[in-house]
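Data first, discussion second: the structure below is written as structure tokens.
Count residues from 1 along the sequence.
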Amino acid sequence: MDQGSIARILKQVSGGEDEIQQLQKALLDYLDANTEIDASLVFSRKFYIAQWFRDTTMETEKAIKSQKDEDSSEGTHHAKDVETTGQIMHRAESRKTFLRSIIKSAPSPFSTLKMNSDIVDYEDACLIVRYLASMRPFAQSFDIYLTQ
């Protein structure tokens with residue numbers, strides 16, 4: 001991964017969201033800006049939104065399940081684990097809110113200014129996709145699957 005390019009994109013993209021949300025927003029803006037060139041990008045945009053929403057839901061469910069497993073097995077309640085689960089829940093809710101706002105604001109074909117479309121070009125969009133894909137659980141455990 002080209003961390004320098006990722007840092008450059010993050011610096012150029014405005015927003016108070018976390019790093020993942022900034023990259024997601026930049027990619028969605030790129031796809032939105034180029035739907036006139038390639039109609040299949042509309043499907044890609046909707047697919048990414050649905051996949052990210054599903055990933056967020058799965059992350060939340062795993063956090064809740066691991067919290068319940070730890071509580072039932074140990075019988076005690078660790079404040080650190082609660083804080084971590086609470087942070088995961090908060091981050092998941094903010095990501096879901098972000099994705100819902102993207103869904104509700106349907107792309108307008110007559111928008112005059114697309115801020116992030118000038119920031120992200122094709123190569124940057126490919127880099128963002130690879131970076132976001134590397135954050136998925138399967139990509140992070142790929143070496144384990146190959147070893148087994």
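- Here the closest heavy-atom approach between residue Leu31 and residue Ser44 is recorded as CD1-C, 4.2 Å.
- Taking both residues in full, the closest heavy atoms of Gln21 and Arg95 are given as NE2-CA, 3.1 Å, listed atom of the first, atom of the second, then distance.
- A 4.5 Å side-chain heavy-atom check between Thr57 and Lys96 finds at least one atom pair inside the cut-off.
- Applying the ring pair (Phe, Tyr, Trp, His ring centres under 6.0 Å) test to Phe53 and every residue at least two apart in sequence or in another chain returns nothing.
- Atoms CE and CD, from Met89 and Glu59 in turn, are 10.5 Å apart once rounded to the nearest 0.5 Å.
- Between Trp52 and Ile20, the closest side-chain pair of non-hydrogen atoms is not below 4.5 Å.
- Taken to the nearest 0.5 Å, the NZ atom of Lys11 stands 13.5 Å off from the CD1 atom of Ile6.
- Here the shortest heavy-atom pairing between Leu41 and Asn34 reads CD1-O, 3.3 Å.
- Gln3 and Tyr131 share no donor-acceptor pair across their side chains, judged by distance under 3.5 Å alone.
- Taking both residues in full, the closest heavy atoms of Val120 and Ala26 are given as CG2-CB, 3.7 Å, listed atom of the first, atom of the second, then distance.
- Between Ile49 and Leu99, the closest heavy-atom pair is O-CD1, 4.1 Å.
- Here Tyr30 contributes atom OH and Thr35 contributes atom OG1; the two are 11.0 Å apart, rounded to the nearest 0.5 Å.
- Atom CD1 of Ile128 sits about 10.5 Å away from atom CD of Gln24, to the nearest 0.5 Å.
- For the residue pair Ala92 and Thr60, the shortest heavy atom distance occurs at CB-OG1, 3.0 Å.
- Hydrophobic clustering of Ile, Leu, Val, Met, Phe, Trp and Tyr side chains at less than 4.5 Å, counting indirect connections, keeps Ile102 apart from Val42.
- Taking Ser5 as the reference, Asp2, Arg8, Leu127 meet the side chain to side chain contact (heavy atoms under 4.5 Å, CB included) condition, with sequence neighbours excluded.
- If you take CG on Asp55 and OH on Tyr48, they are separated by 12.0 Å, rounding to the nearest 0.5 Å.
- If you take CE on Met135 and CZ on Arg130, they are separated by 14.5 Å, rounding to the nearest 0.5 Å.
- When the side chains of ILVMFWY residues are joined at heavy-atom separations under 4.5 Å, either directly or via intervening members, Phe98 and Ile103 end up in a single hydrophobic cluster.
- Between Gln22 and Asp18, the side chains place no donor N or O within less than 3.5 Å of an acceptor N or O (distance only, hydrogens not considered).
- Both Leu27 and Tyr122 are assigned to one and the same hydrophobic cluster, defined by single-linkage of ILVMFWY side chains at heavy-atom distances under 4.5 Å.
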